[in-house]
**Student:** 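What follows is a structure written as structure tokens; I'll ask about it next.
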Amino acid sequence: DSTSFAVRVAPLGGTGLVLVLAEDQTERRRVEAVRRDFVANISHELKTPVGALSLLAETVADASDDPEAVRRFTGRMQQEAARLTSVIQDLITLSRIQGAEPMAEPDRISMESVVDEALDAVRMAADAKEIELVSSGTEDTTVLGDEGLLVTAMRNLVANAVAYSPERTRVSVTAEAVDDMVEISVADQGIGIPTQDLERIFERFYRVDAARSRATGGTGLGLAIVKHIMTHHRGEVTVWSKEGSGSTFTLRLPRAQTREPLSPGENTNQ
Ligand code: ADP
């Protein structure tokens, strides 16, 4: 990558001096390229199912005298429509959360109930692969935040753990308080992530294996959403992985004070 500068020269009124401003354009160009890629990716992710839908609609029209073929093709149309819905839903979530203002009135949320809700959402997919879901929680794991967003983040992690694991393995979730933070880990015994891909998996639409991701209903946006939800909560997400043996994703969030501070005027003399 070459570095480039925009140079501006401004006379300093009456002094005979000139001010030279050199502005680094490299970062601006990078941001612009990321934006262009993002738009190209969105177009691709939306056009693919729409293209498939229109082909399938033609095929159904031609096969109107074959009820079995009609049933099969309309089934595939439903799958493509579902895929379109999840890409759009993920894009909406991402655009809502990216660069959002800090929460004005965060709620007190127990991460244990967030974990339970996320596990319930993936139980059917896990059962289908005979994947065992185990969760353990220890001390107080209350954080301040938005429950819907935290459930989304958690659900994305456990859904990935199930999607990228073979049958008859285990996905374990632990939630615990560590000093003034709450740590939630999702560990799987799945395919793992190659080291060279690790630092890119949180990028929008980045996938290690695009075919596999699509086959499991992935949009490539799940981890980008997790990362932005964590930033919005002043938290972070990290990953450890070993190809062929499994991955562990960890969320770290500031722990809420055990007690609400007293509101002004509240009687403290008792
Ligand atoms: P996707 O919808 O493709 O799952 P994500 O943003 O959720 O998109 O994840 C990005 C990529 O990271 C995935 O395509 C997959 O290659 C990899 N990945 C995420 N979670 C796991 C996991 N638990 N095990 C193995 N690979 C994973």
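These numbers come from a predicted model, not from an experiment.
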**Student:** Applying ring-ring contact (aromatic ring centres under 6.0 Å, His included), name anything that partners Y206, two or more places apart in sequence or on another chain.
**Tutor:**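 Listed in chain order: nothing, the list is empty.
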**Student:** Below 4.5 Å, heavy atoms only, C-beta onward: do R204 and V34 meet side chain to side chain?
**Tutor:**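 They are in contact (side-chain heavy atoms under 4.5 Å apart), so the answer is yes.
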**Student:** Give, for atom CZ of R234 and atom NE2 of H232, the distance between the pair rounded to the nearest 0.5 Å.
**Tutor:**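 R234 atom CZ to H232 atom NE2 measures 9.5 Å (nearest 0.5 Å).
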**Student:** Tell me whether V60 is reachable from V50 by hopping between hydrophobic residues (I, L, V, M, F, W, Y) whose side-chain heavy atoms are closer than 4.5 Å.
**Tutor:**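 They do share one cluster, since a chain of ILVMFWY contacts under 4.5 Å joins V50 to V60.
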**Student:** Once side chain to side chain donor-acceptor pair (under 3.5 Å) is applied, what residue pairs with a partner in residues 92-101 remain, sequence neighbours excluded?
**Tutor:**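 Only Q98-H228 qualify under side chain to side chain donor-acceptor pair (under 3.5 Å).
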**Student:** Testing the basics here: between I193 and S241, what is the closest heavy-atom pair and its distance to 0.1 Å?
**Tutor:**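 Nearest pair, atom of I193 first, then S241: N-OG, 2.8 Å.
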**Student:** For the side chain of D188 and the backbone of S247, is there at least one donor-acceptor N/O pair under 3.5 Å apart?
**Tutor:**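 Yes, because the side chain of D188 sits within donor-acceptor range (under 3.5 Å) of the backbone of S247.
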**Student:** For the backbone of M103 and the side chain of H233, can you confirm whether one donor and one acceptor N or O come within less than 3.5 Å of each other?
**Tutor:**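 Not confirmed, H233 side chain does not pair with M103 backbone.
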**Student:** Side chains of R214 and T48: does their closest heavy-atom pair fall under 4.5 Å?
**Tutor:**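 No; the side chains remain at least 4.5 Å from each other.
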**Student:** Drop me the distance from E132's CD to D127's CG, to the nearest 0.5 angstrom.
**Tutor:**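 Between atom CD of E132 and atom CG of D127 there are 11.0 Å.
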**Student:** According to salt bridge (charged side-chain N to carboxylate O under 4.0 Å, His left out), who are the partners of E199, at least two apart in sequence or on a separate chain?
**Tutor:**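 Scan of E199 (salt bridge (charged side-chain N to carboxylate O under 4.0 Å, His left out), adjacent residues dropped) gives none.
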**Student:** Closer than 4.0 angstrom, basic N to acidic O: yes or no for D197 and R200?
**Tutor:**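 Salt bridge flag = no for R200 with D197.
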**Student:** Locate the shortest heavy-atom distance separating A175 from I184; write the atom from each residue and the value.
**Tutor:**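 Closest heavy-atom pair between A175 and I184: CB-CG1, 4.1 Å.
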**Student:** Using 4.0 Å as the upper bound for N to carboxylate O, is an ion pair formed by E183 and R252?
**Tutor:**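 Salt bridge: yes.
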**Student:** With no hydrogens and no angle check, is any side-chain donor or acceptor of R170 less than 3.5 Å from a backbone partner on A187?
**Tutor:**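 No; zero donor-acceptor contacts below 3.5 Å.
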**Student:** I'd like to know if the side chain of D179 reaches the main chain of M181, judged simply by a donor and an acceptor atom lying under 3.5 Å from each other, with no hydrogens or angles considered.
**Tutor:**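 Between the backbone of M181 and the side chain of D179 there is no qualifying donor-acceptor contact (under 3.5 Å).
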**Student:** For the pair D24 (side chain) and T26 (backbone), establish whether a donor and an acceptor sit closer than 3.5 Å, ignoring hydrogens and angles.
**Tutor:**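 Yes; at least one donor-acceptor contact below 3.5 Å.
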**Student:** Ignoring hydrogens and angles, write down the donor-acceptor pairs under 3.5 Å from the side chains of residues 76-85, residues two or more places apart or on other chains.
**Tutor:**
unit_1 : atom_1 : unit_2 : atom_2 : d
R83    : NH2    : G218   : O      : 2.9
T85    : OG1    : A81    : O      : 2.8

**Student:** Any chance you could lay out the side chain to side chain contact (heavy atoms under 4.5 Å, CB included) test for R71 and E68, step after step, and finish with the verdict?
**Tutor:** CA-CA 5 Å; R71 197 189 55 77; E68 171 53 27; 3.1 Å; yes
**Student:** Minimum heavy-atom separation for G145 and P106, please, with both atom names.
**Tutor:**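 Minimum heavy-atom separation between G145 and P106: N-CB, 3.5 Å.
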**Student:** Mind listing the closest non-hydrogen atom pair of P194 and V208 along with its distance?
**Tutor:**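 Residues P194 and V208, closest heavy atoms: CD-CG1, 3.8 Å.
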**Student:** Pick out which of V237, I229, V143 makes a side chain to side chain contact (heavy atoms under 4.5 Å, CB included) with L253.
**Tutor:**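 The passing option is V143.
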**Student:** For A163 and K129, which heavy atoms make the closest approach, and how far apart are they?
**Tutor:**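 Smallest heavy-atom distance, with atoms named: O-NZ, 3.4 Å.
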**Student:** Got a second to check how far E45's CD is from S86's OG, nearest 0.5 Å?
**Tutor:**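 Atom-to-atom, E45:CD and S86:OG are 10.0 Å apart.
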**Student:** Return the CG to CG distance between D107 and D146, rounded to the nearest 0.5 Å.
**Tutor:**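 Between atom CG of D107 and atom CG of D146 there are 7.5 Å.
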**Student:** Could you check E112, R255, M111 and say which one makes a side chain to side chain contact (heavy atoms under 4.5 Å, CB included) with D140?
**Tutor:**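 That would be R255.
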**Student:** Would L157 end up clustered with L133 when hydrophobic side chains under 4.5 Å apart are linked, directly or stepwise?
**Tutor:**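 Hydrophobic grouping puts L157 with L133.
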**Student:** Which pair of heavy atoms, one from R207 and one from S213, lies closest together, and at what distance?
**Tutor:**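 So the minimum-distance heavy-atom pair works out to NE-OG, 2.9 Å.
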**Student:** Any non-hydrogen side-chain atom of E58 less than 4.5 Å from a side-chain atom of L53?
**Tutor:**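 The answer is no, as the side chains (C-beta and beyond) never meet within the 4.5 Å cut-off.
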**Student:** From E23 CD over to R28 CZ, what is the distance, rounded to the nearest 0.5 angstrom?
**Tutor:**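 E23 atom CD to R28 atom CZ measures 4.5 Å (nearest 0.5 Å).
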**Student:** Pairing donors with acceptors under 3.5 angstrom, does anything connect the side chains of S136 and T174?
**Tutor:**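 Side chains of S136 and T174: no pair found under 3.5 Å.
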**Student:** R123 and I131: side chain to side chain contact (heavy atoms under 4.5 Å, CB included), yes or no, with the steps?
**Tutor:** CA-CA 9 Å; R123 208 168 297 278; I131 290 177; over 6 Å; no
**Student:** Would a distance-only check, ignoring hydrogens and angles, find a side-chain to backbone donor-acceptor pair under 3.5 Å from S245 to G190?
**Tutor:**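 A pair under 3.5 Å: no.
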**Student:** When clusters are formed by joining ILVMFWY residues with side-chain heavy atoms under 4.5 Å apart, either directly or through shared neighbours, do L144 and V115 land in the same one?
**Tutor:**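 Different hydrophobic clusters.
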**Student:** Under a 4.5 Å side-chain heavy-atom rule over Ile, Leu, Val, Met, Phe, Trp and Tyr, are L55 and F73 clustered together?
**Tutor:**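 Looking at the clustering, F73 is in a separate group from L55.
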**Student:** Under the rule for ring-ring contact (aromatic ring centres under 6.0 Å, His included), what residues qualify as partners of F38, not counting sequence neighbours?
**Tutor:**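 So F38 forms a ring-ring contact (aromatic ring centres under 6.0 Å, His included) with F205.
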**Student:** With a 4.5 Å limit on heavy-atom distance, are the side chains of T216 and Y164 in contact?
**Tutor:**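 Yes, their side chains come closer than 4.5 Å.
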**Student:** How many angstroms lie between atom CG of N156 and atom CZ of F249, to the nearest 0.5 angstrom?
**Tutor:**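 Result: 11.0 Å between the selected atoms.
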**Student:** May I have all residue pairs that pass side chain to side chain donor-acceptor pair (under 3.5 Å) and include part of residues 31-42, sequence neighbours excluded?
**Tutor:**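 Non-adjacent pairs meeting side chain to side chain donor-acceptor pair (under 3.5 Å): E32-R35.
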**Student:** Using the rule given for side chain to side chain contact (heavy atoms under 4.5 Å, CB included), can you reason through L91 versus T219, listing the C-alpha separation, both sets of side-chain angles and the distance that settles it, and then say yes or no?
**Tutor:** CA-CA 9 Å; L91 284 168; T219 62; over 6 Å; no
**Student:** Report whether F5 and V31 are members of the same hydrophobic cluster (ILVMFWY, side-chain heavy atoms less than 4.5 Å apart, transitive linking).
**Tutor:**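 Unlinked, F5 and V31 end up in two clusters.
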**Student:** For K242, does the NZ atom sit with more than 12 other heavy atoms under 6.0 Å from it, leaving out its own atoms?
**Tutor:**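 Not buried by this count: 12 neighbours or fewer within 6.0 Å.
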